[in-house]
Amino acid sequence: MRVLIGGGSGFVGRELTRLLKNKGHEVTIISRQPGLGKITWGELEAGGLPPCEAAVNLSGENLMNPLRWWNEGYRKDLFSSRVDTTTILAQAIAGSPSPPHAWVLVTGVACYKPSLTAQYTEDSEWTPFDLLSRLVKEWEWAGRLPENIAQNTRQVVIRPGVVLGRDGGAMKQMMTPFWLGLGGTLGSGRQPFPWIHVSDLAGIIAHALEPSPDTPSSAVPQVFNGVAPALNTNYEFTKELGRVLRRPTVFPVPGFVIDALMGSERAIVLTQGQKVEPKRTLESGFQYQYPDLSSALKEIVES
């Protein structure tokens, strides 16, 4: 199978590329820079979709980039880097004389309203309530294919939680303070912490790309929550990471400090959270490699 991946050189993209190539698939990455096995977004717009059986979009400015101050320019980049690339790819698929059989868009769980009690599955209804949920709404809408194309191209949306892995993502920023014994809970620590190991997220994406004759064609994308089946809090994550690293976790970071450092609209990802269940992901037959925090964090720390 030939797979086209937008944002394939990023943290999740590298893991997905490795997995697909190990399975014998051919991967082409859409990137800002040309190179071997790559096409640029400009080439995609000008020349249309290259021959492929599946397409994935993982593109997007890093929400938690510690080097960028939370301002209007950054917010615009968050939207444009996701919505614009998704629009370009969806239009290329719709305009192709031979569209792929699968189109997978990876967004996020920010669509679900933070709550200490509510539990969300893929069937939960939601409406935008803040900046990040509006982003998910625009992002997913940009990926919708015309009905005549959707009859032959299966549309899938995967909503991951915090992606954990040793080569990037949230862990890259957390490891240093935890190694130094300066780790601690964020805010109250009671907030839900939906997470997934990067290998499992890549696995869910690859699973969604496989031909599925049992799934009827639909103009509405099929949604999978890209989270581990464990429902953990920030406190549980903090204590387990400290245990695996054999380091104390006695330095909580107050919510107002996180708000000041990151901007309140962005800090909500860390100080609040959602209980998200991968109901449809499990029903699809996907097998997690790292279904619990202990196995996930041990793999990250010990490898």
Applying salt bridge (Lys or Arg N to Asp or Glu O under 4.0 Å) to E265 and not counting sequence neighbours gives R75
Is it the case that the side chain of [X] and the backbone of [Y] share a donor-acceptor pair, with hydrogens and angles ignored and the cut-off at 3.5 Å?
| X | Y | answer |
| --- | --- | --- |
| R247 | L245 | yes |
| R280 | V223 | yes |
| E43 | W41 | no |
| N234 | L186 | yes |
| Y290 | K298 | no |
| H207 | S284 | yes |
| R2 | E26 | no |
| T85 | S81 | yes |
| T281 | N225 | yes |

Do [X] and [Y] share a hydrophobic cluster (ILVMFWY, side-chain heavy atoms under 4.5 Å, transitive)?
| X | Y | value |
| --- | --- | --- |
| V3 | L16 | yes |
| I93 | V104 | no |
| I300 | V162 | yes |
| V198 | F237 | no |
| M174 | V163 | no |

Is there a donor in the side chain of [X] and an acceptor in the side chain of [Y], or the other way round, less than 3.5 Å apart?
| X | Y | value |
| --- | --- | --- |
| T271 | D259 | no |
| D84 | T87 | no |
| Q289 | S199 | no |

Nearest non-hydrogen partners of [X] and [Y], listed with the distance:
| X | Y | answer |
| --- | --- | --- |
| V227 | P194 | CG1-CB, 4.0 Å |
| A206 | K23 | CB-CE, 4.4 Å |
| I196 | L201 | CD1-N, 3.7 Å |
| P114 | I268 | CG-CD1, 4.2 Å |
| A94 | I149 | O-CD1, 3.6 Å |
| P192 | S115 | CG-O, 3.3 Å |

Is there side-chain contact between [X] and [Y], with heavy atoms separated by less than 4.5 Å?
| X | Y | result |
| --- | --- | --- |
| I5 | T17 | yes |
| R266 | M64 | yes |
| T233 | E236 | yes |
| N152 | P99 | no |
| F11 | R14 | yes |
| Y288 | L282 | yes |
| T40 | S31 | no |
| F286 | P278 | no |

Which of K76, R82, R68 passes salt bridge (charged side-chain N to carboxylate O under 4.0 Å, His left out) with E61? It is R68
Are M171 and L297 close enough, and set up right, to give a side-chain contact (heavy atoms from CB on, under 4.5 Å), and what steps lead you there? CA-CA 10 Å; M171 292 300 296; L297 293 176; 4.2 Å; yes
Distance in Å, [X] [atom1] paired with [Y] [atom2], rounded so as to fall on 0.5 Å steps:
| X | Y | atom1 | atom2 | result |
| --- | --- | --- | --- | --- |
| D200 | S295 | CG | OG | 8.0 Å |
| Q222 | R154 | CD | CZ | 7.0 Å |
| S133 | E138 | OG | CD | 10.5 Å |
| T127 | K137 | OG1 | NZ | 8.0 Å |
| T28 | L36 | OG1 | CG | 9.5 Å |
| T153 | E53 | OG1 | CD | 11.5 Å |

Is it true that, when you exclude [X] itself, more than 12 heavy atoms of the residues, nucleotides or ligands shown sit nearer than 6.0 Å to its [atom1]?
| X | atom1 | value |
| --- | --- | --- |
| W126 | CH2 | yes |
| E147 | CD | no |
| Q287 | CD | no |

**OP:** Decide yes or no on side-chain contact (heavy atoms from CB on, under 4.5 Å) for V220 and R144, but give the supporting numbers first.
**Re:** CA-CA 8 Å; V220 179; R144 291 284 188 98; 4.3 Å; yes
| Test side-chain contact (heavy atoms from CB on, under 4.5 Å) applied to F193 and T238, step by step | CA-CA 10 Å; F193 185 77; T238 301; over 6 Å; no
*asked:* Determine whether N57 and W103 satisfy the following criterion, side-chain contact (heavy atoms from CB on, under 4.5 Å), listing intermediate values before the conclusion.
replied: CA-CA 8 Å; N57 195 22; W103 158 223; 3.8 Å; yes
Is the shortest distance from a Lys or Arg side-chain nitrogen in [X] or [Y] to a carboxylate oxygen in the other one below 4.0 Å?
| X | Y | result |
| --- | --- | --- |
| D130 | K113 | no |
| E240 | R243 | yes |
| R159 | E122 | no |

Using 30° and 60° as the class boundaries, would you call the ring planes of Y120 and Y112 parallel, tilted or perpendicular? parallel
